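Some notes on the structure that comes next.
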Amino acid sequence: MGGALLQPLTDVVVVDFTRYLSGPYCTMILADYGADVVKIERPGTGDESRHMAPFVNGESYPSAMPNRNKRSLALDLSREEGRAVARDLVARADVVVENFRPGVMARLGLDYAAARALNPDVVYCSVTGFGQTGPESHRAGFDIIAQGMTGFLRMTGEPGGEPAKFGVAVNDLVAGMTAATAVLAAYIRRLREGGGQYIDVALVDAGLALTVWEAGAWWGNGEEPRPEGSRHRLNAPYQAFRTQDGYVTVGANNDRLWQRLCDDVLERPDLRDRPEYKDARDRPRHVDQLTAELQEILSTRPTAHWVAALDRAGVPGGPVLTYSEALAQAQVAAREMVLDVTHPVIGPMHALGVPAKMSETPASVRTPAPLLGQHSREVLRGLGRTDAEIDALVADGVVEEKTEVRN
């Protein structure tokens, strides 16, 4: 785990009312940079992601991934006593993040208007499927719905195939990253000028913001993005090809790289000067023919041969790995993208590293994901509650605390 170095968000307090993935991913980023993230969860059940398999010693391994570096307070928000605790936390927070459907936090008296009345400087972020405004704002929205409504399911997969989703929950994740970026921007503004603000992030908006190439093609010449397999929409050759024993990616997406590919990798200078392939604007127009010809050549030798040849020629390319192979790469280890942590129930486990490497105030994975209610008493003591008051809340079912852990 990371050391005790000062981090960018040390002493920043985040109250986290999120569950599933989009919101927890946002608060994970903030926690990785040192924020004290207090995760509010329902007693008994907790974040719904806690019920996602696979389980190790009864704990969800997937749920542990985006909830590291956080503290868990199991608090019943349906009870006034629970909401009173939540208000105390919000009054002292720098940031509040929630991802309930619009209206839920208002009914609980914990929406931005209520939070601002308690704490004018609070940065408050809501992450929902469709945002707080517009005719679809009332609808629930998970990642798959957002992928369908951003066009992603219609532009992913093989040509002529059924709609296909991204291999990861891309809308959830980019919404979480968008929210984290906006929170940091709002916090910087608060440091400079004072005052909090409200941030409204939607899975659909965040997904559409990724479609910069596709938007250019559509508004530029009316080209509807369609499934292309691994091909690039605007450049060629820029895709994966089958080799003798697997697949290799080739990124020869400009004329200089195309010439190197033909001369130094494929040893086929005749392809370089063919009229239909000579110019970067022509190759995409003949991509089916180009793909077939390159595929015939690349299938004659193993992946390792082509990767070595591409590297020697300075043409971007690489093997097409399974996820397990990706995690086992020496480069991934060198970049500390797989870390070892010890969970109080799961025991020794792996965690993904932090992708941004900072020289002076590095982010770190300091603690594993908390057990449900593991820090309830600790958080309440920090609010000034006495042990007798906490005992009463626990006995009344308003608060749940985890008092026993095992390795």
Side-chain angles (χ1 to χ4, degrees), residues 14 16-32 37-77 97-101 104 127-129 139-148 152-153 156 164-177 179-180 201 203 206-207 322-324 326-327 337-354 365 367-376 400 402 405-407:
V14 178
D16 178 1
F17 291 100
T18 71
R19 67 266 200 272
Y20 293 114
L21 184 55
S22 59
Y25 196 75
C26 165
T27 54
M28 181 199 78
I29 293 170
L30 302 178
D32 286 352
V37 176
V38 179
K39 183 177 177 68
I40 309 297
E41 303 187 70
R42 184 186 300 129
T45 56
D47 182 339
E48 288 86 341
S49 71
R50 289 187 180 274
H51 305 282
M52 295 177 62
F55 301 94
V56 177
N57 297 329
E59 290 290 315
S60 167
Y61 212 121
S63 180
M65 293 295 101
N67 287 300
R68 66 199 188 194
N69 289 335
K70 303 177 186 180
R71 297 192 290 164
S72 172
L73 167 61
L75 185 66
D76 188 350
L77 296 177
V97 184
E98 62 92 9
N99 66 346
F100 288 95
R101 289 172 67 173
V104 171
V127 184
T128 58
R139 298 181 58 195
F142 287 124
D143 179 80
I144 188 67
I145 290 88
Q147 287 201 34
F152 289 174
L153 294 182
T156 307
K165 73 180 288 294
F166 274 68
V168 298
V170 64
N171 286 71
D172 271 343
L173 297 170
V174 74
M177 288 187 282
V201 174
L203 270 64
T322 64
Y323 185 60
S324 59
L327 292 176
M337 283 307 297
V338 176
L339 305 175
D340 295 319
V341 299
T342 300
H343 188 275
V345 171
I346 294 174
M349 63 179 295
H350 297 303
L352 295 172
V354 180
V365 179
T367 61
L371 304 178
L372 176 60
Q374 181 178 340
H375 303 96
S376 293
E400 179 182 355
K402 195 75 174 179
V405 298
R406 64 188 186 279
N407 286 322

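The model shown is predicted, which means the values in this text are computed figures rather than measured ones. Below, each value reflects all heavy atoms present in this structure, side chains not excepted, and no hydrogens, waters or symmetry copies.
With sequence neighbours left out, Phe152 forms a ring-ring contact (aromatic ring centres under 6.0 Å, His included) with Phe166. Not counting sequence neighbours, the partners of Tyr20 by the ring-ring contact (aromatic ring centres under 6.0 Å, His included) test are Phe142. Partners of Thr322 under the side chain to side chain contact (heavy atoms under 4.5 Å, CB included) rule, at least two apart in sequence or in another chain, are Ser324, Glu325. Qualifying side chain to side chain contact (heavy atoms under 4.5 Å, CB included) partners for Ala179, counting only residues two or more places apart in sequence or in other chains: Cys26, Cys125, Val127, Val201. Residues forming a side chain to side chain donor-acceptor pair (under 3.5 Å) with Asp143 (at least two apart in sequence, or on another chain): Gln147. By the side chain to side chain contact (heavy atoms under 4.5 Å, CB included) test, Arg42 pairs with Thr45, Glu48, sequence neighbours left out.
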- prompt: What do the steps show when you test Ser63 against Arg50 for side-chain contact (heavy atoms from CB on, under 4.5 Å), and what is the final call?
  reply: CA-CA 5 Å; Ser63 180; Arg50 289 187 180 274; 3.8 Å; yes
Stepwise, does the side-chain contact (heavy atoms from CB on, under 4.5 Å) test hold for Met177 with Ile29? CA-CA 8 Å; Met177 288 187 282; Ile29 293 170; 4.0 Å; yes
Would you check, one step at a time, whether the test side-chain contact (heavy atoms from CB on, under 4.5 Å) holds for His343 with Leu371?
CA-CA 9 Å; His343 188 275; Leu371 304 178; 3.4 Å; yes
(message) Please evaluate residues Asp32 and Arg68 with respect to the criterion side-chain contact (heavy atoms from CB on, under 4.5 Å), reporting the C-alpha separation (whole Å), side-chain torsions for both, the decisive distance (0.1 Å), and the verdict.
(response) CA-CA 8 Å; Asp32 286 352; Arg68 66 199 188 194; 2.7 Å; yes
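Of the possible donor and acceptor atoms, none in the side chain of Thr18 sits under 3.5 Å from a partner among the backbone N and O of Asn99. Here the side chain of Asn171 pairs a donor or acceptor atom with the backbone of Leu203 at under 3.5 angstrom. Checked by atom type and distance alone, the side chain of Ser72 pairs as donor or acceptor with a backbone atom of Gly373 at under 3.5 Å. Judged purely by atom type and a 3.5 angstrom limit, Glu41 uses its side chain to pair as donor or acceptor with the backbone of Asp47.
Looking at Asn67 and Lys39, their side chains come closer than 4.5 Å, going by heavy atoms from C-beta outward. A heavy-atom distance below 4.5 Å is not found between the side chains of Ser49 and Leu21. Using a 4.5 Å cut-off on side-chain heavy atoms (C-beta onward), Lys165 and Val170 make no contact.
Heavy atoms only, all atoms of each residue included: Leu153 and Gly148 are closest at CD1-CA, 3.6 Å. When all heavy atoms of Ser60 and Ile346 are compared, the pair lying nearest together is O-CD1, 4.3 Å. Minimum heavy-atom separation, Leu339 to Leu352: CD1-O, 4.4 Å.
A distance of 13.0 Å separates NE2 in His375 from NZ in Lys402, rounded to the nearest 0.5 Å. With values rounded to the nearest 0.5 angstrom, Gln374 atom CD is found 12.5 Å from Leu73 atom CG. Here the OG1-CZ distance, from Thr367 to Arg71, works out to 10.0 Å after rounding to the nearest 0.5 Å. Once rounded to the nearest 0.5 Å, the distance linking CG of Leu372 with CD of Glu400 reads 4.5 Å.
The local environment of NE2 in His350 is sparse, with at most 12 non-hydrogen atoms from other residues, nucleotides or ligands closer than 6.0 Å.
The side-chain tip of Arg19 points at the ring of Phe100 from less than 6.0 angstrom away and within 45° of straight on.
A donor atom on one side chain and an acceptor atom on the other are found under 3.5 Å apart for Thr27 and Lys70.
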